Engineer: 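Just passing along the structure, written as structure tokens.
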Amino acid sequence: MGTLVTLHLPPGSPLTDAPWVITIGSLGDREDWDPVVCGPYERGHAVALARAVVADDDLMAVVEPMFPLDGVDAIRKEIEAVRAAAEDDTELLAEPAGSGPPPATPEPSEVHDGWRRIAARLVR
């Protein structure tokens with residue numbers, strides 16, 4: 001059984017609507033290969049897909065938001081905002097892949113629908 005690591009978000013967090021990525025790698029130093037980064041996904045899809053992938057394998061999946069920023073100034077502004085918010089209640093949560101009721105793993109067509117929704121948000 002693998003491990004899933006993600007952010008524990010407070011209710012109403014704007015990060016929920018951000019695109020999310022999954023980074024999947026070896027659990028510990030048992031294997032020597034580069035991690036696989038997948039996405040973007042909607043948060044629910046990312047968590048469900050990551051959980052399904054690591055459920056029966058010694059892998060670690062990290063599910064985190066990505067920030068589609070359009071330049072150096074935007075990136076620096078986001079870094080400042082994250083640094084300023086470092087004391088809030090957002091924390092990393094590691095959980096065994098099989099803990100809690102597993103969310104339904106989305107079908108490829110549902111993931112594609114999610115990509116369309118993400119793309120629509122990005123071009124506003």
Side-chain angles (χ1 to χ4, degrees):
M1 178 185 321
T3 300
L4 171 63
V5 178
T6 190
L7 295 175
H8 174 70
L9 299 177
S13 171
L15 287 179
T16 302
D17 292 332
W20 289 69
V21 294
I22 306 168
T23 303
I24 300 170
S26 173
L27 188 59
D29 294 328
R30 298 179 198 157
E31 300 176 74
D32 186 23
W33 49 277
D34 292 331
V36 175
V37 180
C38 311
Y41 302 105
E42 292 177 316
R43 184 174 192 275
H45 288 169
V47 171
L49 289 166
R51 186 173 289 201
V53 169
V54 302
D56 298 324
D57 206 342
D58 286 337
L59 299 170
M60 174 180 278
V62 177
V63 177
E64 58 192 337
M66 68 179 246
F67 301 98
L69 302 171
D70 62 1
V72 173
D73 290 338
I75 293 169
R76 287 183 176 143
K77 188 175 180 179
E78 186 62 32
I79 290 168
E80 288 174 20
V82 170
R83 283 178 171 161
E87 284 93 38
D88 74 5
D89 293 332
T90 305
E91 60 189 46
L92 283 175
L93 175 67
E95 58 182 76
S99 71
T105 304
E107 295 295 325
S109 63
E110 294 172 299
V111 172
H112 293 179
D113 290 344
W115 286 342
R116 282 189 275 285
R117 289 188 291 270
I118 290 169
R121 287 193 303 267
L122 291 176
V123 295
R124 288 184 201 174

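Reckoned from all heavy atoms, side chains included, excluding hydrogens, waters and symmetry mates. Being a predicted model, the structure only gives us computed values, none of them experimental.
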Engineer: Show me the pairs that pass side-chain hydrogen bond (donor to acceptor under 3.5 Å, both in side chains) and involve residues 103-116, at least two apart or across chains.
Structural biologist: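 Pairs touching residues 103-116 that pass the test: Asp113-Arg116.
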Engineer: Is there a continuous path of hydrophobic side-chain contacts, each under 4.5 Å between heavy atoms, that joins Val37 to Val62?
Structural biologist: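 No, it is not one cluster - the side chains of Val37 and Val62 are not joined through contacts under 4.5 Å.
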Engineer: Decide whether Ile22 and Leu9 are clustered together by the hydrophobic rule: side chain heavy atoms of Ile, Leu, Val, Met, Phe, Trp, Tyr closer than 4.5 Å, transitively.
Structural biologist: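 Result: yes, single cluster for both.
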Engineer: Would you say the side chain of Thr6 lies within less than 4.5 Å of the side chain of Arg43, judging by non-hydrogen atoms?
Structural biologist: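 Yes, close enough: below the 4.5 Å cut-off.
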Engineer: Keeping Trp20 on the side-chain end and Leu15 on the backbone end, is there a donor-acceptor pair under 3.5 Å?
Structural biologist: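 Pair found, side chain donor or acceptor close to backbone of Leu15.
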Engineer: Side chain to side chain contact (heavy atoms under 4.5 Å, CB included), that's the test. Do Val111 and Leu49 meet it? Break it down for me.
Structural biologist: CA-CA 10 Å; Val111 172; Leu49 289 166; 4.1 Å; yes
Engineer: What heavy-atom pair brings Pro68 and Leu122 nearest, and what distance separates the two atoms?
Structural biologist: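 What the structure gives for the nearest pair is CG-CD2, 3.1 Å.
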Engineer: Tell me every residue that passes side-chain contact (heavy atoms from CB on, under 4.5 Å) with Pro40, counting only those two or more places apart in sequence or in another chain.
Structural biologist: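 Residues passing side-chain contact (heavy atoms from CB on, under 4.5 Å) with Pro40: Pro19, Met66, Ile118.
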Engineer: Suppose the criterion is side-chain hydrogen bond (donor to acceptor under 3.5 Å, both in side chains): which pairs have a residue in residues 64-75, not counting sequence neighbours?
Structural biologist: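 Output for this query is empty, none listed.
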Engineer: Output yes when a side-chain donor or acceptor of Arg117 lies under 3.5 Å from a complementary backbone atom of Glu42, and no otherwise.
Structural biologist: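 No.
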Engineer: May I ask whether Leu59 and Val36 are part of the same hydrophobic cluster, defined by side-chain heavy atoms of I, L, V, M, F, W, Y residues being less than 4.5 angstrom apart, directly or through others?
Structural biologist: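 Same cluster.
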Engineer: With a 4.5 Å cut-off on side-chain heavy-atom distances among I, L, V, M, F, W and Y, is there a chain of contacts connecting Phe67 to Val72?
Structural biologist: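 Phe67 does not cluster with Val72.
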